[in-house]
Amino acid sequence: MRNQSFPTPNVKSSQKTGAIHPLPRTFFARDPRRVARSLLGKVLVRTLDGARLIGRIVEVEAYLGQDDPASHSFAGKTLRNAVLFGPPGYAYIYFIYGNHYCLNVSCEPEGKAGGVLFRAVEPISGIDEMAQARGIEIRSPKDLPKLTSGPGRLCEAFRITRPRDNGCDMTSADSPIWIGEDGYRARGIQMTPRIGITKAADDPLRYILGGNRFVSGKTPRSS
DNA sequence: ATATCGATTATCT
DNA sequence: GATAATCGATATG
């Protein structure tokens, strides 16, 4: 049995994509809060083994660097977090809980730490490959969020690992992982506290497209 | 419906 | 030796 895309007679606007242009490095050379907000509605592009996986960014978190106790860069530069202190627009990938990888992009000018964590994307293209990478079967549209809703899930779906992908340039369409802009306009942006942290847990540094069903966490049900 | 828990390892104290 | 920017499974109301 193989996974199969189901027909999409009425494609939503968020799932359409025309020409995709990479974001310039200056986009990332800013405060992670502004980068995070600006990244909503952009697309994450993964090229691997001739396949192109695309997801629209619907949930991110800002990590501020040396002033932010929740940031990996809070205690200073180490081998692990070096990318966060380097130039903007590069992939910082870490391994967590003995199980999962998580993807960030470095922000701020070189020398100042900061990053944005990718928490969820809406699958746009390469759904069969994502399902295979996740080891799950998509039987209905209800199953789609299991592919990429959550930082560990999206890395598994896009086959992103630290040994292979840490430090890769995310501003070039020639990179295996990059971020692009396709004309889509984000709407309904909301801010909430970040997920899964114990320090600075109340700061509203999580940015989501409100109402988008691919945002991680419990799906709100109407009464 | 929510709550709790085990997996499994890089990194830092 | 303890912890962690998570996930999926299981238990319980």
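None of the values given here were measured: they were computed from a predicted structure. Reminder, nothing fancy here: chain letters follow the sequence lines and each chain counts from 1.
- Spacing between atom CG of A/Leu147 and atom P of C/dG8 amounts to 11 Å, rounded to whole angstrom units.
- Side-chain contact between A/His100 and A/Pro151 is absent, with no heavy-atom pair separated by less than 4.5 Å.
- Rounded to an integer number of Å, the gap from NZ of A/Lys199 to P of C/dA4 is 6 Å.
- No donor-acceptor pair closer than 3.5 Å links the side chain of A/Glu108 to the backbone N or O of A/Glu110.
- The shortest distance between the side-chain N/O atoms of A/Arg119 and the OP1/OP2 oxygens of C/dT6 is below 4.0 Å.
- Salt-bridge formation is not detected for the pair A/Arg134/A/Asp143: no Lys NZ or Arg NE/NH1/NH2 atom is positioned less than 4.0 Å from an Asp or Glu carboxylate oxygen.
- Between the P atom of C/dT6 and the CZ atom of A/Arg206 lies a distance of 11 Å, rounded to the nearest Å.
- In this structure, A/Glu59 and A/Asn212 have side chains that are not in contact, with every pair of non-hydrogen atoms separated by 4.5 Å or more.
- To the nearest angstrom, P of C/dG8 lies 7 Å from NZ of A/Lys146.
- Atom NZ of A/Lys218 is separated from atom P of C/dC7 by 12 Å (rounded to the nearest Å).
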* To do: Evaluate the criterion side-chain contact (heavy atoms from CB on, under 4.5 Å) for residue pair A/Arg194 and A/Arg119; output intermediate values, then yes/no.
  => CA-CA 10 Å; A/Arg194 292 173 293 187; A/Arg119 287 198 54 90; over 6 Å; no

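- A/Ile197 comes within 4.0 angstrom of sugar-phosphate atoms only, judged by non-hydrogen atoms across all strands, and of no base.
- Under the 6.0 Å cut-off for aromatic ring centres, A/Tyr92 and A/Tyr90 do not qualify, their centroids lying 6.0 Å or more apart.
- Rounded to a whole Å, the CG atom of A/Leu154 is 9 Å from the P atom of C/dC7.
- DNA chain B contains the following stems of three or more consecutive Watson-Crick or G-U pairs, with both distances under 3.5 Å: B:1-7 with C:6-12, B:9-12 with C:1-4.
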5' to 3', nucleotides 7-13 of chain B under a 4.0 Å protein heavy-atom cut-off (B base, S sugar-phosphate only, - none) gives BBBSSS-

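- None of A/Leu103, A/Val45, A/Leu23 except one satisfies the side-chain contact (heavy atoms from CB on, under 4.5 Å) rule with A/Met170; the exception is A/Leu103.
- In this structure, A/Ile195 atom CD1 and C/dA5 atom P are separated by 13 Å, rounded to whole Å.
- Put simply, NE2 on A/His72 is 9 Å from P on C/dT6, counting in whole angstrom units.
- Contact of the A/Thr171 side chain with the A/Phe28 side chain is registered, since non-hydrogen atoms from C-beta on lie closer than 4.5 Å.
- Distances shorter than 4.0 Å separate some side-chain N or O of A/Arg153 from OP1 or OP2 on C/dG8.
- In this structure the side chain of A/Phe118 reaches within 4.5 angstrom of the side chain of A/Val105, judged on heavy atoms.
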